[in-house]
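First comes the structure, then the notes that go with it.
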Amino acid sequence: MFGALVFMVSWKQMSDNTIWAFAADAPAAGWDLVSRMWPPRWSYVPQLLQPLWDTLNIATLGTAIGTVIAVPVAFLAARNTTPSRALLRPLALGIIVASRSINSLIWAMLLVTVVGPGVLAGIIAIALRSVGFIGKLLYEAIEEIDAKQVEAISATGATAPQVLVYGVVPQVLPSLVSTTVYRWDINIRESTVLGIVGAGGIGLPLAASVDTLAWPQVTVIFAAILGTVFIAEWVSRKVREALI
């Protein structure tokens with residue numbers, strides 16, 4: 001009953017703020033747009049090679065930096081490895097939540113005003129977003145490790161760092177590798193749109209083409225993005241199969 005009430009209220013709110021005349025004309029407008037996008041301007045492909053390379057660099061470097069930051073944050077956030085549950089754990093959890101709460105595109109918008117437009121803003125934006133994703137999954141994996149292995153190593157008289165290296169890290173390493181590769185795959189997709197706000201990558205020519213109504217170029221850019229995502233998906237799968 002409550003769900004039906006929420007649905008009705010939400011539908012009324014959406015209906016009151018929708019111009020239904022435009023919605024009714026959407027099929028004709030959509031077909032008109034598709035006709036403008038065809039045939040693709042394949043001669044535009046050479047101009048996309050550098051933006052595509054920038055997109056791959058943004059995703060790869062951003063993922064690497066985010067992973068380096070996320071690993072210590074995850075160990076501080078996990079109940080069984082944090083040195084301080086009262087201070088450091090809430091701080092680490094706050095970093096993870098803050099990172100996950102803000103989309104990469106919003107990070108990029110903020111960073112463009114700080115470091116200026118370009119690839120650097122995109123790399124930092126991807127890194128900041130990746131910290132929360134990787135940190136959350138990794139600290140949950142740390143909390144779920146087999147405590148008996150840790151106790152066995154501790155019983156030999158090993159120091160705390162040795163227990164961490166030989167008792168915890170081997171158990172969470174497969175999860176870290178899998179999560180990092182998966183996040184890189186996601187970051188490839190997210191990096192394609194960062195250029196819309198000036199953070200480099202293939203989003204820059206996409207925004208320029210849309211602004212100038214160069215729809216045949218937009219089709220080529222869409223095809224380039226689709227191909228890049230397919231290749232990234234294949235690489236991601238192969239890396240996971242090889243390392244895990």
Side-chain angles (χ1 to χ4, degrees), residues 56-108 111 122-191 229-244:
L56 292 173
N57 285 331
I58 290 171
T60 303
L61 293 175
T63 304
I65 295 171
T67 302
V68 170
I69 299 173
V71 169
V73 170
F75 277 95
L76 293 176
R79 291 186 181 90
N80 51 342
T81 57
T82 182
S84 172
R85 293 193 179 188
L87 178 61
L88 294 180
R89 185 170 189 269
L91 178 61
L93 290 175
I95 293 173
I96 291 173
V97 171
S99 171
R100 295 177 63 243
S101 299
I102 303 177
N103 188 271
S104 300
L105 193 61
I106 299 176
W107 278 122
L111 289 163
I123 293 173
I124 300 175
I126 290 296
L128 291 176
R129 176 66 170 171
S130 299
V131 168
F133 183 92
I134 298 173
K136 177 178 173 56
L137 295 181
L138 183 58
Y139 97 75
E140 290 178 349
I142 295 171
E143 291 183 341
E144 294 172 358
I145 62 172
D146 184 3
K148 293 181 179 179
Q149 295 186 34
V150 177
E151 293 172 359
I153 294 176
S154 299
T156 64
T159 62
Q162 290 174 327
V163 171
L164 194 65
V165 171
Y166 297 105
V168 178
V169 172
Q171 296 190 62
V172 300
L173 189 58
S175 176
L176 173 61
V177 172
S178 177
T179 301
T180 301
V181 173
Y182 180 50
R183 184 64 217 185
W184 175 78
D185 188 19
I186 295 174
N187 286 341
I188 291 290
R189 296 169 173 83
E190 295 196 353
S191 298
V229 169
F230 270 120
I231 293 173
E233 178 70 25
W234 180 81
V235 171
S236 174
R237 186 176 69 253
K238 291 299 182 181
V239 170
R240 286 198 298 268
E241 291 174 356
L243 298 179
I244 300 176

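Numbers for residues simply follow the sequence, beginning at 1. These numbers come from a predicted model, not from an experiment.
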| request: Not counting sequence neighbours, list each pair that qualifies as a salt bridge (charged side-chain N to carboxylate O under 4.0 Å, His left out) and has a residue in residues 65-81. | output: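 Of all non-adjacent pairs touching residues 65-81, those that pass salt bridge (charged side-chain N to carboxylate O under 4.0 Å, His left out) are Arg79-Glu143.
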Residue pairs passing the salt bridge (charged side-chain N to carboxylate O under 4.0 Å, His left out) test with at least one member in residues 164-188, sequence neighbours excluded, are Arg183-Glu190, Asp185-Arg189
Check: When you look at Leu138 and Thr179, which way does the side-chain contact (heavy atoms from CB on, under 4.5 Å) test go after all the steps?
Finding: CA-CA 8 Å; Leu138 183 58; Thr179 301; over 6 Å; no
The single option from Leu56, Ile231, Ile58 that satisfies side-chain contact (heavy atoms from CB on, under 4.5 Å) with Ile188 is Leu56
Minimum-distance pair of heavy atoms, taken over all atoms of [X] and [Y]:
{"X": "Ala74", "Y": "Gly135", "result": "CB-O, 3.7 Å"}
{"X": "Pro170", "Y": "Pro174", "result": "O-CD, 3.5 Å"}
{"X": "Ala77", "Y": "Leu93", "result": "CB-CD2, 3.8 Å"}

Pairwise side chain to side chain donor-acceptor pair (under 3.5 Å) hits with a residue in residues 68-77, at least two apart |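 As it turns out, there is no side chain to side chain donor-acceptor pair (under 3.5 Å) pair with a partner in residues 68-77 once direct neighbours are skipped.
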(request) Could you note down all residue pairs passing ring pair (Phe, Tyr, Trp, His ring centres under 6.0 Å) where residues 127-161 supplies at least one of them, sequence neighbours left out? (result)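 Residue pairs passing ring pair (Phe, Tyr, Trp, His ring centres under 6.0 Å), neighbours aside: Phe133-Tyr182.
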Which pairs pass ring pair (Phe, Tyr, Trp, His ring centres under 6.0 Å) with one or both residues in residues 62-98, sequence neighbours excluded?
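Every candidate ring pair (Phe, Tyr, Trp, His ring centres under 6.0 Å) pair involving residues 62-98 fails, so no pair, neighbours aside, qualifies.
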Roughly how far, to the nearest 0.5 Å, is the [atom2] atom of [Y] from the [atom1] atom of [X]?
{"X": "Arg89", "Y": "Thr82", "atom1": "CZ", "atom2": "OG1", "answer": "7.5 Å"}
{"X": "Leu61", "Y": "Ser191", "atom1": "CG", "atom2": "OG", "answer": "10.0 Å"}
{"X": "Ile96", "Y": "Leu91", "atom1": "CD1", "atom2": "CG", "answer": "10.0 Å"}

Item checked: Non-neighbouring partners of Leu87 that pass side chain to side chain contact (heavy atoms under 4.5 Å, CB included), sequence neighbours left out ->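 Applying side chain to side chain contact (heavy atoms under 4.5 Å, CB included) to Leu87 gives Ser84.
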Sequence neighbours excluded, the answer for side chain to side chain contact (heavy atoms under 4.5 Å, CB included) partners of Thr67 is Thr63, Val71, Ile134, Leu176, Thr180
Side chain to side chain donor-acceptor pair (under 3.5 Å) filter on Glu144, not counting sequence neighbours, yields none
Those residues at least two apart in sequence (or on a different chain) that pass side chain to side chain donor-acceptor pair (under 3.5 Å) with Trp107 are none
Contacts under 3.5 angstrom, residues 122-131 side chains, donor-acceptor by atom type, not counting sequence neighbours:
{"unit_1": "Arg129", "atom_1": "NH1", "unit_2": "Arg100", "atom_2": "O", "d": "2.5"}
{"unit_1": "Arg129", "atom_1": "NH1", "unit_2": "Ile102", "atom_2": "O", "d": "3.3"}
{"unit_1": "Ser130", "atom_1": "OG", "unit_2": "Ile126", "atom_2": "O", "d": "2.7"}
{"unit_1": "Ser130", "atom_1": "OG", "unit_2": "Asn187", "atom_2": "ND2", "d": "2.9"}

